[in-house]
Amino acid sequence: MSKSQIIILFGRSGCGKGTQAKLLIKDFGFEYLGSGALLRERIAKKDFTGKKLKEVLDQGVLVPTPIMFRIWSEKVEEMRENIKKNGIILDGSPRTLPEAELMDHAFEWYGWENIKVVLLDISEQEAFDRLTNRRICKECGQIIPWTADFRGMKVCNSCGGELITRDDDKPEAIRERLSYFKKDVQPAIDYYKEQGRLIKIDGDKSIEDVYHEVKKVIQ
Ligand SMILES: [Zn+2]
């Protein structure tokens with residue numbers, strides 16, 4: 001495996017990105033950089049941007065590109081100074097075409113050339129079905145995906161807790177998230193595709209089969 005890769009993971013909500021990222025982290029020592037965690041970390045600073053971010057996120061509004069990009073590039077700078085891992089998995093960035101272009105400039109600046117762009121492809125309908133049916137453990141918060149392996153599960157397999165549906169998994173909220181993907185994220189994906197950089201993996205397969213394909217990409 002070549003040194004210090006960057007894996008940009010794309011896919012509709014429910015495609016299993018999180019699961020695949022965890023496997024890569026465990027098996028190959030990648031570092032995870034998720035935009036959600038990044039924003040929460042920034043909010044915790046409680047300065048102007050921190051407070052404003054909280055407001056914006058509570059309203060469900062997209063964080064503007066210049067702000068998101070600044071937070072993101074500060075983190076990448078920090079990682080660049082201190083590379084301990086085999087690479088970084090980006091989950092949730094870029095969210096738009098302008099961000100994809102900015103990120104390319106940033107990677108060039110930081111001298112990162114080994115960048116893989118992976119799309120875990122599931123259809124809009126499949127995403128909708130998975131999201132409306134997935135459950136979360138009331139006790140420990142573990143998410144139980146709506147895929148063949150987990151459909152029959154009655155209680156949480158790590159703590160025995162009750163399984164419930166989340167509020168943000170309600171149909172209207174899910175339609176919103178999926179339309180965001182189509183409108184904002186898809187142009188970023190097309191940007192990589194036009195350059196011949198997009199690696200598309202069928203996300204309808206089992207976790208194991210998808211992971212098999214993902215591993216081929218990074219090796
Ligand atoms: Zn649990």
Side-chain angles (χ1 to χ4, degrees), residues 7-46 50 53-54 56-60 63 75 85-93 95 118-178 180-181 185 201-215 218:
I7 315 288
I8 300 176
L9 266 184
F10 278 118
R12 292 187 169 87
S13 303
C15 73
K17 273 184 309 186
T19 306
Q20 296 298 327
K22 274 187 201 140
L23 291 168
L24 286 176
I25 291 162
K26 179 167 70 79
D27 293 343
F28 298 97
F30 278 90
E31 188 150 359
Y32 179 78
L33 183 51
S35 54
L38 200 55
L39 289 170
R40 283 193 295 277
E41 191 179 295
R42 190 62 190 76
I43 285 170
K45 283 192 185 170
K46 289 188 174 163
L53 275 176
K54 184 162 181 353
V56 165
L57 291 176
D58 285 347
Q59 292 162 6
V63 178
K75 188 71 184 181
K85 308 276 184 168
N86 282 324
I88 302 172
I89 299 169
L90 292 181
D91 181 4
S93 303
R95 309 160 308 167
V118 178
L119 170 65
L120 298 186
D121 197 31
I122 58 170
S123 70
E124 202 168 309
Q125 187 59 48
E126 174 69 15
F128 186 79
D129 292 345
R130 286 189 188 185
L131 292 170
T132 43
N133 290 308
R134 77 172 175 185
R135 296 164 299 166
I136 182 167
C137 171
K138 211 173 160 182
E139 304 305 322
C140 73
Q142 183 184 203
I143 293 169
I144 314 294
W146 191 253
T147 51
D149 316 333
F150 300 99
R151 266 174 219 188
M153 196 182 281
K154 300 271 184 266
V155 291
C156 175
N157 59 350
S158 30
C159 77
E162 188 191 339
L163 302 179
I164 54 166
T165 318
R166 296 199 306 196
D167 267 356
D168 61 351
D169 286 348
K170 296 282 188 285
E172 317 78 70
I174 288 165
R175 282 206 185 86
E176 186 115 333
R177 270 150 76 196
L178 292 174
Y180 150 73
F181 184 89
V185 184
I201 292 174
D202 181 2
D204 272 342
K205 293 182 178 164
S206 69
I207 292 172
E208 202 175 295
D209 287 348
V210 171
Y211 190 47
H212 183 73
E213 296 301 313
V214 169
K215 277 194 289 192
I218 63 155

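Counting starts at 1 for both ligands and their atoms, in listed order. Hydrogens, waters and symmetry mates play no part in the numbers below; they use all other heavy atoms, side chains included.
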Glu124/Phe181 under side chain to side chain contact (heavy atoms under 4.5 Å, CB included): CA gap, chis, key distance, verdict: CA-CA 10 Å; Glu124 202 168 309; Phe181 184 89; over 6 Å; no
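- Here the shortest heavy-atom pairing between Arg130 and Trp146 reads O-CB, 3.6 Å.
- Listed here is the closest heavy atom pair of Gln142 and Cys156: NE2-SG, 3.4 Å.
- Here the CD1-CG distance, from Ile8 to Asp91, works out to 11.5 Å after rounding to the nearest 0.5 Å.
- Shown here are the protein N/O/S atoms lying under 2.8 Å from the Zn ion (ligand 1), water excluded: Cys137 SG, Cys140 SG, Cys156 SG, Cys159 SG.
- With respect to Ile89, the side-chain contact (heavy atoms from CB on, under 4.5 Å) criterion is satisfied by exactly one of Leu24, Ile218, Val118: Leu24.
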Evaluate side chain to side chain contact (heavy atoms under 4.5 Å, CB included) for Phe150 paired with Ile207, printing each intermediate quantity in order. CA-CA 11 Å; Phe150 300 99; Ile207 292 172; 4.0 Å; yes
